[in-house]
> 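The following block contains the structure, expressed as C-alpha cells.
Proteins come first, then strands; the chains are lettered A, B, ... in the order of their sequence lines, and each starts at number 1. Hydrogens, waters and symmetry mates play no part in the numbers below; they use all other heavy atoms, side chains included.
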Amino acid sequence: MPELPEVETIKRSLAPKIIGKIIREVKIYLPKIVKNTDLEEFIRRVTGKTIESLNRRGKYLLIGLAGGEILTVHLRMTGKLLVLPRGTPKDKHTHAIFDLGDVELHFNDIRQFGGFSFDLPKLGPEPLEEAFTLTYLKEKLNPSKKNLKAFLLDQKIIAGIGNIYADEILFAAGLSPKRLAATLTEVEAEKLYNAIRAVLNLGIKHRGTSIRDYVDSENRQGGFQHLLKVYGKSGALCIRCNSKIIRERHAGRSTHFCPNCQK
DNA sequence: CGTAGACCCTGGAAGC
DNA sequence: TGCTTCCAGGGTCTAC
C-alpha cells in the first residue's frame, strides 16, 4: 500500500509515540510475518529492548533498538501500524501486538503481505536527499533498457516510488510511461528529476494518498488523493490538454496517463 | 542483463 | 439476490 510519502507520514506520526518506550512483550499471531528469522529468536531479540529511533528507507520503516539492532518493517499493500491504548482487543487482521507499557503497537494487514525482518535489501538513493542528483539520474537513465514506468518502480535505482506516484510523476514531467529511459534528452531528464522531487514532496505535505486502506499511526487518512491528476482517472479528461486519460498495463502494473500530452 | 507472469492473500466492486 | 470475475498502493521468484 504505502509508498514513500505514506511511509514518511507514518514515521512522523509514530516516532513521538514509540521512541523511548520499552518493548515489554511481543505477540505474533501470524508467524509468516516474521521474515528470515526463526520466530522464537525474533521474539528474544526484540523483547526487553528500548526503541531508540525510527527512520525510513524507501518504503521500509527502520526501528532502532537498544544494542544497535535494526528491526525493519514493510507494509506492502494493506499493512498498518497503529498505536492503541493498552488492552485494545485485536481484530481479525491484527497479526502482531507490541506491548509498550501504556500503549500497544498493533500490526494489522488484511492481505498478509507485509512483515518484519532484521534485513534490509539493497536500495537506490533516497529521492529527496542529496545523494539523488540530476547527474545520478542521467547516469541511470542512459544505459537502461526499461520504459519509464518500470524505471521509476525499480527500488534499486530510486527508493520509495510506487505505482501511484510513478504515474503522477510521469504526468508532471509530461513523459509517457512507455518511453524508453535511454531516449530522454537532457531537458527531459531534468523535467523528470524535478517532477520526482516535486510530486513526492507534495505527497508528504498532504500526508499521503488514501485510496483504499492507507492510514497513519493515528488512523488518519492522507489528503493527496484529492490532488491526483492521472492515477485512477481513466476516462476523465486531462487537466492540461482535455484528452481522455487512459489506463494500460505496464511493468505488470496498472498505468494511467494522458496519451496526448505525455510524450 | 532484461521482462513477463505467477505468487503470496483478503475483500470490495462490477458484471451477469 | 447471489454467484463469478476482476481488481488492488509491493516485492520476489521463476522461466525465458
> Tell me, with the steps shown, if A:Y193 and A:F132 meet ring pair (Phe, Tyr, Trp, His ring centres under 6.0 Å).
CA-CA 9 Å; A:Y193 179 79; A:F132 181 64; 5.1 Å; yes
> Output the rounded distance in Å from CZ (A:R57) to P (C:dG11).
13 Å
> NZ of A:K146 versus P of B:dG2: gap in Å, rounded?
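Checked: the NZ to P distance equals 6 Å.
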> Please, what dot-bracket string fits DNA chain C when only Watson-Crick and G-U pairs with both distances under 3.5 Å count, crossing ones use [ ] and pairs to another strand use |?
.|||||||.|||||||
> Quick one: is C:dA8 close enough that its OP1 or OP2 comes under 4.0 Å of any side-chain N or O from A:R249?
yes
> Determine the Euclidean distance between corresponding P atoms of B:dG11 and C:dG11; express it in Å to zero decimal places.
23 Å
> Figure out the CZ/C1' separation between A:F151 and B:dG2, and round it to whole Å.
14 Å
> Whole Å only: how far is the CG atom of A:L75 from the P atom of C:dG10?
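Atom-to-atom, A:L75 to C:dG10, this comes out as 12 Å.
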> Surrounding NZ of A:K156 (heavy atoms of other residues, nucleotides or ligands, distance under 6.0 Å), is the total greater than 12?
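Open.
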> Report which part of the nucleic acid A:Y165 touches: base, sugar-phosphate, or nothing (heavy-atom distance under 4.0 Å, all strands).
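Here A:Y165 touches no strand at all.
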> Is it true that A:K59 and A:E6 make a salt bridge, defined as a side-chain N closer than 4.0 Å to a carboxylate O?
no
> Would you mind reporting whether A:L75 and A:I10 have side-chain heavy atoms less than 4.5 Å apart?
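Counting from C-beta outward, A:I10 and A:L75 do come under 4.5 Å.
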> Mind checking what makes ring pair (Phe, Tyr, Trp, His ring centres under 6.0 Å) contact with A:F42, not counting sequence neighbours?
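Result, ring pair (Phe, Tyr, Trp, His ring centres under 6.0 Å) vs A:F42: A:F118.
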> B:dG5 and C:dC7: how far apart are their P atoms, nearest whole angstrom?
13 Å
> So that I can tick it off, tell me whether A:E8 and A:R12 are bridged by a salt bridge, with the cut-off set at under 4.0 angstrom between side-chain N and carboxylate O.
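Salt bridge flag = yes for A:E8 with A:R12.
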> Rounding to a whole Å, what distance do you find between A:K80:NZ and B:dG11:P?
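Rounded to the whole Å, the gap is 12 Å.
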> Could you give the CG-to-P distance, from A:D154 to C:dT12, as a whole number of Å?
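It works out to 11 Å between those atoms.
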> Who passes ring pair (Phe, Tyr, Trp, His ring centres under 6.0 Å) against A:F98, sequence neighbours left out?
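Ring pair (Phe, Tyr, Trp, His ring centres under 6.0 Å) list for A:F98, sorted by chain: A:F116.
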> Which pairs, protein N/O on one side and nucleotides 8-10 of chain B N/O on the other, fall under 3.5 Å?
residue, atom, partner, partner atom, Å
B:dC9, OP1, A:K32, NZ, 2.9
B:dC9, O5', A:K32, NZ, 3.1
B:dC9, O2, A:R111, NE, 3.0
B:dT10, O4', A:I110, O, 3.4

> Using the side chain to side chain donor-acceptor pair (under 3.5 Å) definition, which of the options A:R247, A:K178, A:K149 pairs with A:T255?
A:K149
> Atom pairs under 3.5 Å, N or O on each side, protein against nucleotides 13-15 of chain B: can you list them with distances?
none

> Side chains of A:D109 and A:H95: is there a donor and an acceptor less than 3.5 Å apart?
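Judged by distance alone, the side chains do not pair up.
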> What's the separation between atom CG in A:L192 and atom CG in A:L141, rounded to the nearest 0.5 Å?
6.0 Å
> Between P on C:dG10 and CG on A:L61, what's the gap in Å once rounded to a whole number?
15 Å
> Within the structure shown, what part of the strands sits under 4.0 Å from A:G252 by heavy-atom distance: base, sugar-phosphate, or nothing?
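The residue A:G252 makes no contact with any strand.
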> Please state how far atom CG in A:D119 lies from atom P in C:dG11, giving the value in whole angstrom units.
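A:D119 atom CG is separated from C:dG11 atom P by 16 Å.
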> List for me each residue that meets ring pair (Phe, Tyr, Trp, His ring centres under 6.0 Å) alongside A:H74, sequence neighbours excluded, and say none if there are none.
A:Y60
> Quantified in whole Å, what is the P atom distance between nucleotide B:dA6 and nucleotide C:dC6?
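About 12 Å, rounded to a whole number of Å.
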> For A:F151, is the NZ or CZ atom of A:R179 found under 6.0 angstrom from the centre of its six-membered ring and inside 45 degrees of the ring axis?
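No - A:R179 does not lie over the ring of A:F151 by the 6.0 Å and 45° rule.
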> Which is true for A:T209 with a 4.0 Å heavy-atom rule: it touches a base, it touches only sugar-phosphate, or it touches nothing?
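Since a base atom lies under 4.0 Å of A:T209, the category is base.
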> So which nucleotide from B:dG2, C:dA8, C:dG11 ends up closest to the side chain of A:K145?
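Among the listed nucleotides, the one closest to the side chain of A:K145 is B:dG2.
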> Can you check whether A:Q155 has a side-chain N or O nearer than 4.0 Å to OP1 or OP2 of C:dG10?
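No.
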